[in-house]
Structure formats: C-alpha cells, structure tokens
Amino acid sequence: MSVLSHNMETAELFASHLAGLQDTMTQGLTSVKPGADAVLIHSGSLHYHFADDIAKPFRAWGHFLQWVPVDRPDQFLLFRPGQKPVYFAVIPQDFWHDSHIDMPEWWAEQFEIVVLSSVSALCEQLPRHIAPQCVCHFLGEGRDIAESLAIPDSQINPKTLLDWLDYARAYKSRYEISRLAEANATALAGHQAALDMFLMGGDEYEIHMAYLNASRICDDELPYPSIVALNEHSAILHYQHKQRRHGKREPDANRVLLIDAGHRSWGYCSDITRTWVRPGSHPVFAALVKGVERIQNQIIRSLQTEQSYTDHHHATHTAVADLLIETGIAKGHAQDLVDRGITYAFLPHGLGHHLGLQVHDVGGKLSSPAGQIIPPPDQYPALRNTRPIEANMVFTIEPGIYFIDSLLNNIRQDDRANALNWPLVEALMPYGGIRIEDNIWAKPDGKMHNLTRRPITGSLLFRPDVAA
Ligand code: GLY
Ligand code: MN
Ligand code: MN
C-alpha cells in the first residue's frame, strides 16, 4: 500500500473518529451540563524537578490527545457543538528547542488551527471564538489558565462531564483500534530482540537496549518504564531497575526473563509481557510457564461480550489453583486454595485493565456514564477492570504466578502453611515469576481479536473483514 493511500485511509478513519468524539461531547453536554456552549481542553503543563531547571518528561492528557495527536504541553482544543473544532497550537519562540509541530493533513484538516506564540495570547483569541456570555467548561490540569480566562470554578473539570468522557473512552473507534494494533506490531520486534539477547546471556541493561533498538523507540517514548526482570527480579511486579553485570556474558546466569514492554503509536499504547525460561531450567518452573500460557489461552478463548470481566478474574484464580495442585506446589481442593487467599499470594494483581491512551486506561470501573463505580471484589483490590466486556473495548489479559517472599511468608506463618510444598517453593524462588500478557480487542461481531498474537499491520489495518 502506498504512503498516499495509507494516509487517505488514515484520514478517513480519523475523520470518523473525530465525528464520534463530537457526538459524545455533544451528548455529554446535553445530558450532564445543559446550557454549556463550549469546552476548552488543555493538554497539560510542563513540570520541573524541585529546585531544578530540568523538566520532567511530559505526556499530554488523554482527553486532549484523543482529539489532537500532539503530545506537547499547553495546547488547547476548543469544542463548540455543531462547529469545526479549533486547535490552538501554542508555539512559543524558543531557540533552545525544536518547537515545530508537525501537522500532517490527515488530522490537521479536521480542525481550524490557530497558532499562538504564548498561552496568554489565548486570552485575546478566545473571545473571537466564543461570545462573552457563553458558558465554557475547562478540562485539564491548568486551573490557573482557566482562572486567567475568567472561567468560574464550577466550570473547571466538572466531575459529571469527566465521568461521561471517561466512560465513553472505553469504546474505541476504528482509528483507535488501528493505532493500538500498530503499537502491538511494533513492540513485537522489540520482544523478539529481547529474547535473543536473553539467550545470548545479556544482562537486563543489554536486553532493555536490544528492545529499544529493535522497536525503534527511545526510553522516554515508552508507554511505561519497561519491566526487564531476570531471575528473582521477575517476582517484583513493577521491577524498575536495569541491572548491569561486569565481565563477559554468561548465558547460564539467565534462568528466566520476564519482560513487560510496549510501544506507543500516536499516543495509543501496547502492553505486552512475555516470560522466557532457559532450556534445562527447573522442570516445574518450565511447566508453570506452559501452564500460565494455557490459562491465558483458555481465558481468551472463553471471552464473550456482555460477560463480566470480574468473573474471568475469578476463573483465573481457580485455574491457577488447579495448576499449583497439578505441579505439586499446593495440596487440597482448588476452590479452598482460592477461598483461603492462597492463590492470591501467587497472583496478587488483577487479570487486566483497559488499554488506550493510558496503559491503565480510564473508565475500567465505571458502570455508567453517570459515574457509578463497580468496585473490585474485596479480596482482589488491585483488579482495575470490573466493567462488563462490550464491543470495541480493548483490554489486557495477563495472568501470572509469582514466588513473592513476603506474601508466601504470610502463608507460612499461619494455619494455611500445610497447603504448600515448601521445599518445592524454596527450589522455585530463584526463578522469580511468570506473567503472560496480550492485548485483546472485542470486535463488534462479538469475536475477540488478539492484537498481540495476530498483529494487524499495513493495509490489513483497513481491511473491513480484519478491522471491522
Ligand atoms: N505494564 C503494566 C501492566 O501490565 O499493567
Ligand atoms: Mn497490563
Ligand atoms: Mn504489562
């Protein structure tokens, strides 16, 4: 497919994406903020380290980025029902940085674009676009900016409107699916390079660099800091270091690699975990890896729209209990292991979460646009997605089993101790843990598409039978 036709397809997808956003915002204003005439969305502000002139990495707010794919601070989107949205591109004179903003036609043609040299210029410009008596809501972190625009407090980040928009963000447009698919496809090249480096005996730093290089991404562009965990480190759920070894590579020193790393495509994230075991490792650990893969596969195959995601989380715990019994790690009945919190000690995180402009995307616990929350079950407070599965949601399925010292010690010290085979648990501790994570799109026809296992790339992104 030529670049030209690819851009035409993207332009069509983006145009329909934007039309959907306008409908959602119009309905939101009618339902929860009747009488509102406009909404101004702020991308966010740059923040500095304390007493320093170095800025923290910036990430535009999802509710801005969903409209305008420009990941820059102090950009503004003005929405007025029935009118072309206005993008206020603030491009200050700055000879220290490259302040150019690329505005390709595929998205730029959807906006009236007003280039400003400072945020304060917005005060002069805004009255040209909205009449003084207009009720304008302000969404975003720049409360001071809203106040300088004389927007009253009650119109800054109204919860009812934010809930409405968070709820709607769960339903991805075709444009968004194509970006999420792209973020998956690109990350996979990095995962392959990471596996190769693991087998060659590279340390965490080298594996991380191999991932970045192969997926052509810089550290600060990652959707989240990659988790690159060798051996025992893989039991630390959000392990943050990249350990460096001295001397030459030692392939035998690498027993297990758990790598949780994604990519971003125009703001849209992938979130993929793979766990690799060196051939010849402990046979029970190798069996656990296969078992977690099997559990993941079974869950994905059983997913259907209208089902409760929380039920799948519960089913995962039962499957984990079965696997612990099958491998001789635990004794007793599966349901008993679940009920007594023994599986929780091996799997303390949730089955997954919504995925989009944020890795843990908004709206995963909302039961309605009015902001009602479906809380996670008491025994699983970390479950981030409690919403029923519906068409065009994208979420992760990421079961795992970990040997976490502190959680296992809790069991060892109470009346649950005799449920576990401690010599085997001790022997498996040096292997850390396992997580296998894929990104799933619930298609409108009710089928699931695993964006990680069945990457959609290039022209396939636009084939109605694939991406419909
Ligand atoms: N990468 C963080 C997570 O899987 O939720
Ligand atoms: Mn995840
Ligand atoms: Mn992850």
Centroid-centroid under 6.0 Å between H208 and Y211 rings:
no
For W441 and F395, I'd like to know if the aromatic rings sit close, meaning centre-to-centre distance below 6.0 Å.
no
How many angstroms lie between atom [atom1] of [X] and atom [atom2] of [Y], to the nearest 0.5 angstrom?
X: T327; Y: K290; atom1: OG1; atom2: NZ; result: 14.0 Å
X: S234; Y: Y239; atom1: OG; atom2: OH; result: 10.0 Å
X: L180; Y: K172; atom1: CG; atom2: NZ; result: 6.5 Å
X: I329; Y: L420; atom1: CD1; atom2: CG; result: 8.5 Å

With no hydrogens and no angle check, just 3.5 Å: does a side-chain donor-acceptor pair link [X] and [Y]?
X: Q307; Y: D311; value: no
X: N184; Y: T452; value: yes
X: H317; Y: Q379; value: no
X: H42; Y: Q75; value: no
X: Q335; Y: D339; value: yes
X: D271; Y: H353; value: yes

Are K33 and H137 close enough, and set up right, to give a side-chain contact (heavy atoms from CB on, under 4.5 Å), and what steps lead you there?
CA-CA 9 Å; K33 286 284 157 201; H137 289 276; 3.4 Å; yes
Has Y205 got more than 12 heavy atoms of other residues, nucleotides or ligands less than 6.0 Å from its OH?
no
Taking atom NE2 of H97 as the centre, report whether more than 12 heavy atoms of other residues, nucleotides or ligands fall under 6.0 Å from it.
no
With a 4.5 Å heavy-atom cut-off, do [X] and [Y] have their side chains touching?
X: P348; Y: L237; answer: yes
X: I440; Y: V394; answer: no
X: I227; Y: I259; answer: no
X: I434; Y: L258; answer: no
X: L257; Y: L195; answer: no
X: W107; Y: V70; answer: yes
X: H449; Y: R454; answer: yes
X: W61; Y: S43; answer: no

Residue pair [X] / [Y]: nearest heavy atoms and the distance that separates them:
X: L13; Y: Y175; answer: O-CB, 3.6 Å
X: G201; Y: R245; answer: O-NH1, 3.3 Å
X: R169; Y: D361; answer: NH2-OD1, 2.8 Å
X: A55; Y: L46; answer: CB-CG, 3.8 Å
X: P158; Y: L139; answer: CD-CD2, 3.9 Å
X: A187; Y: S270; answer: CB-OG, 3.7 Å

Over 60° means perpendicular and under 30° means parallel, so tell me whether F76 and F138 are parallel, tilted or perpendicular.
tilted
Hey, can you tell me if H17 and F14 have their rings parallel, tilted or perpendicular (30° and 60° cut-offs)?
tilted
Evaluate the side-chain contact (heavy atoms from CB on, under 4.5 Å) criterion for residues K443 and N392: first the C-alpha distance (whole Å), next the side-chain angles of each, then the deciding distance (0.1 Å), finally the verdict.
CA-CA 6 Å; K443 297 205 301 177; N392 285 324; 5.9 Å; no
Judged by atom type as modelled, is there a donor-acceptor pair below 3.5 Å linking the side chain of [X] to the main-chain atoms of [Y]?
X: N421; Y: K331; result: no
X: Q296; Y: I397; result: yes
X: N439; Y: T396; result: no

Is the NZ or CZ atom of R387 positioned over Y167's six-membered ring, under 6.0 angstrom from the centre and within 45° of the axis?
yes
Validate the cation-pi geometry between R179 and W106: distance from NZ or CZ to the six-membered ring centre under 6.0 Å, angle to the ring axis within 45°.
yes
Just to verify, which of V362, V32, N157 counts as forming a side chain to side chain contact (heavy atoms under 4.5 Å, CB included) with L162?
N157
Could you check T343, L323, L428 and say which one makes a side chain to side chain contact (heavy atoms under 4.5 Å, CB included) with I401?
L323
Can V228 and K242 be said to form a side-chain contact (heavy atoms from CB on, under 4.5 Å), step by step?
CA-CA 7 Å; V228 183; K242 311 286 179 285; 4.1 Å; yes
Side chain to side chain donor-acceptor pair (under 3.5 Å) between S368 and Q372, intermediate numbers included
CA-CA 6 Å; S368 79; Q372 280 106 343; 2.3 Å; yes
May I ask you to decide whether R435 forms a salt bridge with D260, counting only side-chain N to carboxylate O separations under 4.0 Å?
yes
In plain terms, say whether E221 and R216 are close enough for a salt bridge, that is, a side-chain N and a carboxylate O under 4.0 Å apart.
no
Residue pair L77, V39: steps toward the side-chain contact (heavy atoms from CB on, under 4.5 Å) verdict
CA-CA 8 Å; L77 181 280; V39 179; over 6 Å; no
Is there a ring pair (Phe, Tyr, Trp, His ring centres under 6.0 Å) between Y380 and H349? Walk through the geometry before answering.
CA-CA 8 Å; Y380 303 118; H349 63 69; over 10 Å; no
Give the C-alpha distance, both sets of side-chain angles, the deciding distance and a yes or no for side chain to side chain donor-acceptor pair (under 3.5 Å) between N409 and Q413.
CA-CA 6 Å; N409 271 338; Q413 284 162 17; 4.9 Å; no
Testing [options] one by one against [X] for a side chain to side chain donor-acceptor pair (under 3.5 Å), which residue passes?
X: T273; options: E437, E398, H191; answer: E437
X: E204; options: H233, Q243, R244, H241; answer: H233
X: Y268; options: E182, E176, Q358, H263; answer: E176

